[in-house]
Visitor: 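I'd like to ask you about the structure that follows.
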Amino acid sequence: MDVNKTIKELEVALKEALDGVEKIEALQDVKAQFIGKKADLSLLMRHMKDLPNEEKPAFGQTINEAKQRFSALIEARRETILAKKMANKLKKETIDVTLPGPSYTLGTPHLLRKITAEIEDLFMGMGYLVKEGPEIESDELNFEKLNLPKEHPARDMQDSFYLTEDTLLRTHTSPVQVRTMLEYGGAKPVKIICPGVVYRRDDDDATHSHQFMQVEGLVVDEKTSLSDLKGTLLAVAKHMFGEDRKIRLRPSYFPFTEPSFEVDVTCSQCDGDGCSMCKQTGYIEILGAGMVHNNVLEASGYDSSRYQGFAFGMGVERIAMLKYGIDDIRHFYVNDLRFNHQFKGGKS
Ligand code: DAH
């Protein structure tokens with residue numbers, strides 16, 4: 001038997017077989033067939049015993065070398081197959097990074113939310129707590145404890161939606177003052193603002209809405225004066241309408257404060273000279289305020305000989321309308337996205 005010839009033939013057959021192999025699994029079969037235990041090459045070893053001793057080492061070496069060559073050929077093929085596989089994968093999974101991505105429409109907080117948040121920021125910076133209360137309120141907290149007993153004529157200032165004889169949709173955020181004072185039990189100072197939605201039986205038009213938002217403020221302490229109120233309101237005016245604003249207090253009437261004021265800010269459009277926005281007066285009314293009425297303090301458990309307080313209430317829509325020249329309050333409630341999107345972005 002000519003070992004070298006047999007090996008040559010096997011090598012040619014192996015190369016042919018490898019050329020047709022494209023998958024790792026098929027390569028395993030070829031490997032078993034050519035260098036496995038039952039491969040022809042391995043079986044050749046059996047002839048060793050028939051050889052004279054001096055020829056045995058050379059014979060064994062020839063077969064081992066052949067095995068190593070076969071093994072190297074198979075490994076080389078394995079690498080080719082893996083490289084092809086990787087190249088294919090890369091080709092398939094190539095992404096075109098220049099393609100535009102999917103576009104998402106970004107939402108934006110409603111302008112009323114933003115204005116409210118801005119007012120909250122200002123007051124939290126001055127040490128106020130933000131308090132909220134329910135929109136369904138009792139007559140007692142919405143009116144009576146605010147010095148508005150039943151049949152009081154000033155109740156007409158706030159036409160109400162009653163749910164039962166004793167409950168209504170709150171007409172202002174002032175009942176949250178009462179709730180907080182009752183919660184504190186007359187025993188500690190109060191410094192809060194109360195943002196929220198309120199309801200009145202108004203016919204909707206450009207300046208009236210049956211639902212709107214207010215921010216109420218209340219400070220009660222042992223030394224609270226009108227000048228504290230003025231300073232606070234000036235800070236609000238400047239924060240919302242610009243550093244150059246001035247304010248003035250006009251005597252007015254609210255049942256829950258005495259004295260009471262309506263507060264005007266110099267018109268930001270004409271700087272106080274007079275224009276169509278301020279109806280040539282140079283001033284624009286922004287809120288109501290006053291020193292808390294003794295009856296209100298007492299009704300909520302505060303000793304009026306020891307404590308004084310000031311309070312104020314402002315309409316958020318009104319502030320927004322003045323700030324942006326919005327001419328119809330209904331824009332806030334119809335949710336026309338063309339309107340809402342004009343106020344996209346960080347601060348209002
Ligand atoms: N509650 C009043 C309203 O809705 C606004 C108001 C005015 C609140 C004066 C106050 C205040 O706390 O002192 O018309």
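Whatever order the structure lists ligands and atoms in, that order sets their numbers, starting from 1. The model shown is predicted, which means the values in this text are computed figures rather than measured ones.
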Visitor: Using a threshold of 4.0 angstrom between heavy atoms of the protein and any atom of ligand 1, which residues qualify?
Guide: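 For ligand 1, the residues that come within the 4.0 Å heavy-atom cutoff are Q158, H172, S174, Q177, R200, Q214, E216, F254, F256, T257, G288, A289, G290, A311, F312, G313.
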Visitor: By the definition side-chain contact (heavy atoms from CB on, under 4.5 Å), identify the one residue from R46, H47, M48 that meets it with L44.
Guide: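 Exactly one option meets the side-chain contact (heavy atoms from CB on, under 4.5 Å) with L44, and it is H47.
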Visitor: Excluding sequence neighbours, so at least two apart, what forms ring-ring contact (aromatic ring centres under 6.0 Å, His included) with F332?
Guide: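 So F332 forms a ring-ring contact (aromatic ring centres under 6.0 Å, His included) with F339.
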Visitor: Ion pair present between K114 and E118, side-chain N to carboxylate O less than 4.0 angstrom?
Guide: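 Salt bridge: no.
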Visitor: Is it the case that over 12 heavy atoms from other parts of the model lie below 6.0 angstrom from the NZ atom of K8?
Guide: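 No, not enclosed.
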Visitor: Do R330 and S209 come within less than 4.5 Å of each other through their side chains, counting heavy atoms only?
Guide: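 Not touching, per the 4.5 Å side-chain cut-off.
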Visitor: Strictly under 6.0 Å, is that where the ring centroids of Y324 and F343 end up?
Guide: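 Ring centres of F343 and Y324 closer than 6.0 Å.
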